Amino acid sequence: HYIKEKEQEFLRQARKIAEKELEEERKKVMEEVQLEREHLEELRTSVEKKLEEVRKMESLLDALPQTMDPEEYVSTEEERRKEPPQSATWWQKIGLTGDPFPTKLGLDRIPEDKYEQVVVETEIFRDYLKVIAEAPQTFYGKTILVGGQFGAGKTTFVQYIAYKLGAYKIVPFKLILDPIGDIDALRQNFYSALFAKICEAMRKRGLPDPRFQGLPVDRDTISDLLSTLTKESQLDGYIIMIDGLHKAKETEETPLEFVKQLQNFHEYLNDVGVNIGIFVTISPLWMRKITQNPAYSGSFHDIAEVPKLTFHSAYELLQKRLKAFSSPEIPVFFDRSAIQFAYSCLESELGNGITFRSFIDYILPRLQKGNLKEAGISVYIDIELVRKIDRELYASAIKDSYARFKDLTRGKYKLRRACSVVLRNVYKKYHIEENDQDFRNNKGAFFVLRNAGLIQKAKARGGLGWTISIDFLPVLELSL
């Protein structure tokens, strides 16, 4: 009984001590909370006082008449300074560093260092590039026919394949042969064209130019020269690309026979140890004749058919060509829906036979006339991204301010462009003072942005400045 009473007494004392300590701790916390509240109140009062001081500071914008046109207070001096001469080509006018469509002959006049950037790698490209990466010697001793519609990209295909093979010490020779009706004359033209290409390759590698040695232009001479070039330049082999034979219907039987006889040329060079592969571009008519006639079955290894142009490839074509020649200062943007419309217009005109060339022929005149919108191209603003951001801003906390901004700048491209530049600069610099050149050159843009509530006054070292509004900043950073 005594022990029980002592236990209860100890419990009562412990409870009193705990309650006392808890009360002391509560009072301490309440005192700290009160001090923090007083500190925050002081800060709030100080901030409000400073904000009020900033609000009372006079801005140069206040001196502008409320009825003025803000676009008149946007400087265009920089635009005039960068404006190209009247004689500039279409691609110079939009700030490109070179012509993305210099010819209609595949990759002709496109710098080799841009091949990777401009080529649209369709499935046939990917299949052959895989072979090149795994076993480039696969092409030796074979004639490969490259078929497709006129302008489908056959020349581009063989040029790009030859370019990629160059990394494996395989030298390409591109020959354009006229489709004449005399088989002996055609064969001699082939030897002459190939002889000229071999001579040029030897000259570039510091070897004597055979054209000054009075050599006969025949199969034996070509064989000897290729053997010499292989040995002296430590090459692995050669790819011959033949184009042009399929472009005359009247004489097609002779070129077809010539292609069939190329197998003899292969066997002759193979016997003397020269590695060579041949690509020949052919038409859809040739494809039908060759595949339907068993006499041709042993004269070629494979037919690589270049497919018709899909919208996806057309869109990628424009993107790659223009971006390859764009400068960092003036980026090029694309409107997918406008390009889709252009593709659909061409499709309704040509059916499903759209090729790379027909698409370029449709787009290029519009670019040359400066109708960038019809071609789905812009060098000023990323249209697709703007549409996305536009939807986001209309659903954000600043939807009223954004609607006001759109209303103030509707139909005023120059003003809206200036506002975009000003916002970007204000965000980068955190604030822009009114004595800054950016402000003086674009008062109209600052005027509109202020009235829309997208920027607000800020106290700066040099006096009054402007910064992104407190409501707009989190929305802007979320969109970036």
Side-chain angles (χ1 to χ4, degrees), residues 1-62 385-386 388-406 408 419-436 438-439 445-480:
H1 181 75
Y2 173 77
I3 293 175
K4 189 174 181 180
E5 287 182 351
K6 283 297 183 181
E7 285 179 351
Q8 291 177 349
E9 183 180 346
F10 285 146
L11 284 173
R12 285 194 296 271
Q13 289 177 352
R15 191 178 295 112
K16 286 180 181 180
I17 293 171
E19 288 174 353
K20 184 178 179 181
E21 289 179 350
L22 184 62
E23 180 63 21
E24 289 175 353
E25 185 65 27
R26 188 186 69 80
K27 287 181 179 180
K28 185 178 179 182
V29 170
M30 291 298 294
E31 288 173 358
E32 290 177 353
V33 169
Q34 183 60 30
L35 288 173
E36 188 64 27
R37 284 176 177 170
E38 292 173 358
H39 179 63
L40 289 174
E41 182 62 25
E42 289 175 3
L43 287 176
R44 187 185 66 80
T45 303
S46 175
V47 169
E48 286 185 354
K49 185 177 179 181
K50 288 179 179 178
L51 286 174
E52 186 61 27
E53 288 176 3
V54 171
R55 279 193 288 268
K56 288 181 178 179
M57 291 179 70
E58 279 195 26
S59 167
L60 294 175
L61 299 179
D62 299 328
L385 179 61
V386 164
K388 175 178 176 291
I389 294 176
D390 189 69
R391 292 192 297 270
E392 291 176 353
L393 290 176
Y394 269 125
S396 71
I398 62 151
K399 59 183 180 181
D400 293 336
S401 293
Y402 183 58
R404 173 71 172 152
F405 166 75
K406 294 286 290 283
L408 290 170
C419 288
S420 173
V421 172
V422 165
L423 279 175
R424 184 166 62 246
N425 290 340
V426 170
Y427 182 77
K428 285 181 179 178
K429 298 178 180 179
Y430 301 107
H431 70 268
I432 290 180
E433 299 178 14
E434 291 199 348
N435 60 5
D436 192 292
D438 284 343
F439 178 86
F446 279 88
F447 181 84
V448 167
L449 293 170
R450 180 198 67 174
N451 290 355
L454 297 177
I455 60 174
Q456 65 184 39
K457 291 178 180 178
K459 196 171 183 180
R461 289 182 181 179
L464 181 65
W466 292 91
T467 189
I468 303 295
S469 73
I470 195 169
D471 294 326
F472 184 32
L473 185 59
V475 177
L476 180 63
E477 290 183 334
L478 191 63
S479 301
L480 293 177

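Keep in mind that what you see is a predicted model, and the values were worked out from it rather than measured.
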Any residue meeting salt bridge (charged side-chain N to carboxylate O under 4.0 Å, His left out) with [X], in chain and number order, not counting sequence neighbours:
X	value
D436	none
K399	none
E23	R26

task: Tell me, with the steps shown, if W466 and K457 meet side-chain contact (heavy atoms from CB on, under 4.5 Å).
output: CA-CA 5 Å; W466 292 91; K457 291 178 180 178; 3.5 Å; yes
- prompt: Just wondering, more than 12 heavy atoms not from R37 lying within 6.0 Å of its CZ?
  reply: no
- request: Evaluate whether atom CZ of R404 has more than 12 neighbouring non-hydrogen atoms of other residues, nucleotides or ligands under 6.0 angstrom away.
  value: no
Please tell me if the side chains of [X] and [Y] come closer than 4.5 Å, counting only heavy atoms from C-beta onward.
X	Y	value
F405	C419	yes
H39	L35	no
E36	L40	yes

- line: Which of L408, I455, L61 passes side chain to side chain contact (heavy atoms under 4.5 Å, CB included) with L449? Answer is I455
task: List in chain and number order the residues that pass side chain to side chain donor-acceptor pair (under 3.5 Å) with Q34, two or more places apart in sequence or in another chain; answer none if no residue qualifies.
output: E38
message: E41: which residues meet the side chain to side chain donor-acceptor pair (under 3.5 Å) condition with it, sequence neighbours left out?
response: R44
query: Checking side-chain contact (heavy atoms from CB on, under 4.5 Å) for the pair L454/V448: CA distance, chi angles, key distance, verdict?
result: CA-CA 9 Å; L454 297 177; V448 167; over 6 Å; no
message: Just verifying a value: how many Å separate H431 NE2 and L464 CG, rounded to the nearest 0.5 Å?
response: 10.0 Å
message: Just verifying a value: how many Å separate I468 CD1 and Y430 OH, rounded to the nearest 0.5 Å?
response: 12.0 Å
- request: With sequence neighbours left out, write down each residue that passes side-chain contact (heavy atoms from CB on, under 4.5 Å) with N425, or none if nothing qualifies.
  value: V421, I432, D438
- request: Identify the heavy atoms of V426 and F446 that sit nearest to each other, and give their distance.
  value: CG2-CE2, 4.2 Å
